[in-house]
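See below for the structure under consideration.
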Amino acid sequence: MEQVRSETGFRYLGTLDDGGGFTSFTNSVRLIKEPKDLVGIRVRTEENPAHVALMEALGATAIPLEWGQVITALATGVADAQFNAPINGTKYKLYEILPYASYTGHIYNTLNWVVNDKWFSDLPENYQEIILRSAREAITIARGYYFIFIF
């Protein structure tokens with residue numbers, strides 16, 4: 001992470017789950033039990049070339065959309081499915097328009113937590129310690145928090 005810090009000016013504090021980490025599919029076509037079940041399904045993906053390539057390799061049609069377009073695309077049939085952390089299915093009530101949910105764990109989504117390195121370095125050392133300890137604790141707690149809602 002030293003190279004990232006020197007090239008970008010960002011100090012890495014840690015990696016946390018993006019709403020639960022492993023992804024699941026929700027869709028309006030069928031239960032997804034194995035890769036062949038994706039054939040012919042139009043799956044909303046992030047605008048991420050790796051996600052698009054994965055869906056197409058599995059026989060699905062990738063529909064890259066930003067999050068703000070997802071609910072409308074699913075409700076109007078532009079896309080049949082989406083994958084995300086399972087908590088998002090509940091949080092955004094996707095079950096109201098997508099009757100099938102499959103916990104596939106095919107991608108692990110994460111977020112990198114960073115701060116401006118100059119700002120951080122200018123803080124007193126005891127503040128730096130507090131921020132680093134708090135970041136580690138928050139990441140650990142967030143992982144446990146997710147499992148309370150899923151299991």
Side-chain angles (χ1 to χ4, degrees), residues 1-27 31-35 37-38 41-74 79-98 100-151:
M1 298 315 282
E2 274 304 312
Q3 181 179 356
V4 170
R5 183 165 62 172
S6 66
E7 291 178 7
T8 66
F10 290 120
R11 176 180 290 263
Y12 173 78
L13 298 180
T15 299
L16 57 149
D17 298 341
D18 178 10
F22 284 108
T23 58
S24 64
F25 280 98
T26 53
N27 78 89
L31 192 61
I32 297 167
K33 296 180 181 178
E34 53 190 348
D37 295 333
L38 286 164
I41 294 180
R42 293 168 299 173
V43 180
R44 176 273 174 176
T45 67
E46 295 175 9
E47 297 171 299
N48 175 330
H51 290 187
V52 171
L54 176 61
M55 289 303 104
E56 291 179 352
L58 292 170
T61 300
I63 309 290
L65 297 170
E66 61 186 51
W67 182 252
Q69 300 173 316
V70 172
I71 305 298
T72 301
L74 293 167
D80 305 312
Q82 66 87 46
F83 62 87
N84 234 307
I87 195 73
N88 288 337
T90 302
K91 183 163 71 173
Y92 296 103
K93 299 181 180 182
L94 295 178
Y95 52 82
E96 291 181 351
I97 53 176
L98 303 173
Y100 301 101
S102 305
Y103 187 66
T104 56
H106 64 284
I107 291 177
Y108 187 76
N109 280 337
T110 59
L111 296 171
N112 289 321
W113 194 354
V114 297
V115 295
N116 179 287
D117 187 49
K118 178 166 178 12
W119 169 82
F120 182 87
S121 297
D122 289 344
L123 292 172
E125 191 173 317
N126 63 324
Y127 284 25
Q128 292 178 19
E129 293 290 328
I130 291 167
I131 290 170
L132 293 173
R133 186 176 64 244
S134 298
R136 285 190 300 272
E137 290 175 5
I139 290 166
T140 300
I141 290 167
R143 288 183 183 137
Y145 184 72
Y146 159 73
F147 286 105
I148 290 170
F149 289 100
I150 299 304
F151 299 106

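Residue numbers run from 1 in the order of the sequence given.
- Side chain of Glu46 to main chain of Pro64: no donor-acceptor pair is present (N/O by atom type, distance under 3.5 Å, no hydrogens or angles).
- Closest of all the heavy-atom pairs between Ile32 and Leu38 is CD1-CD2, 3.4 Å.
- Closest non-hydrogen pair, Gln128 versus Phe120, comes out as NE2-O, 3.1 Å.
- A pairwise comparison of heavy atoms in Glu66 and Arg44 identifies C-NH2, 3.8 Å as the closest pair.
- Note that the CG atom of Leu31 and the CG atom of Asp37 stand 7.5 Å from one another [nearest 0.5 Å].
- Between Leu13 and Val115 there is a side-chain heavy-atom pair separated by less than 4.5 Å.
- Partners of Arg5 under the salt bridge (charged side-chain N to carboxylate O under 4.0 Å, His left out) rule, at least two apart in sequence or in another chain, are Glu2, Asp117.
- Between Ala135 and Trp113, the shortest heavy-atom distance links the atoms CA-CZ3, 3.7 Å.
- Taking the side chain as every heavy atom from C-beta outward, Val4 and Tyr12 never approach each other to under 4.5 Å.
- Using modelled atom types, one side-chain atom of Ser6 and one backbone atom of Gln3 make a donor-acceptor pair closer than 3.5 Å.
- The two residues Gly14 and Ile139 have their closest heavy-atom pair at CA-CD1, 3.6 Å.
- A ring-centre distance under 6.0 Å is found for Trp67 and Tyr92.
- A donor-acceptor contact shorter than 3.5 Å is absent between the side chain of Ser102 and the backbone of Thr104.
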Item checked: Intermediate values then yes/no, side chain to side chain contact (heavy atoms under 4.5 Å, CB included), Thr45 and Phe83 -> CA-CA 7 Å; Thr45 67; Phe83 62 87; 3.9 Å; yes

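- Counting heavy atoms from C-beta outward, Ile41 and Thr61 have side chains that stay 4.5 Å or more apart.
- Asn112 and Thr15 are linked by a side-chain donor-acceptor pair at a separation below 3.5 angstrom, with hydrogens and angles left out of the test.
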Practice item. Using the side chain to side chain contact (heavy atoms under 4.5 Å, CB included) rule, take Leu132 and Glu137 through it: C-alpha gap first, then chi angles, then the decisive distance, then the call. Key: CA-CA 9 Å; Leu132 293 173; Glu137 290 175 5; over 6 Å; no

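- Gln82 and Thr26 share a donor-acceptor pair across their side chains, judged by distance under 3.5 Å alone.
- In this structure the side chain of Asp80 never reaches within 4.5 angstrom of the side chain of Leu98, judged on heavy atoms.
- In this structure, Glu125 CD and Glu129 CD are separated by 6.0 Å, a value rounded to the nearest 0.5 Å.
- Contact of the Arg11 side chain with the Ser121 side chain is registered, since non-hydrogen atoms from C-beta on lie closer than 4.5 Å.
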Full working for side chain to side chain contact (heavy atoms under 4.5 Å, CB included) between Ile97 and Leu74 | CA-CA 7 Å; Ile97 53 176; Leu74 293 167; 3.7 Å; yes

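- At most 12 non-hydrogen atoms from other residues, nucleotides or ligands lie less than 6.0 angstrom from OH of Tyr127.
- Checked against salt bridge (charged side-chain N to carboxylate O under 4.0 Å, His left out), Glu34 has the following partners two or more places apart in sequence or in another chain: Lys36.
- Scanning for salt bridge (charged side-chain N to carboxylate O under 4.0 Å, His left out) contacts around Lys118 gives Asp122, with sequence neighbours left out.
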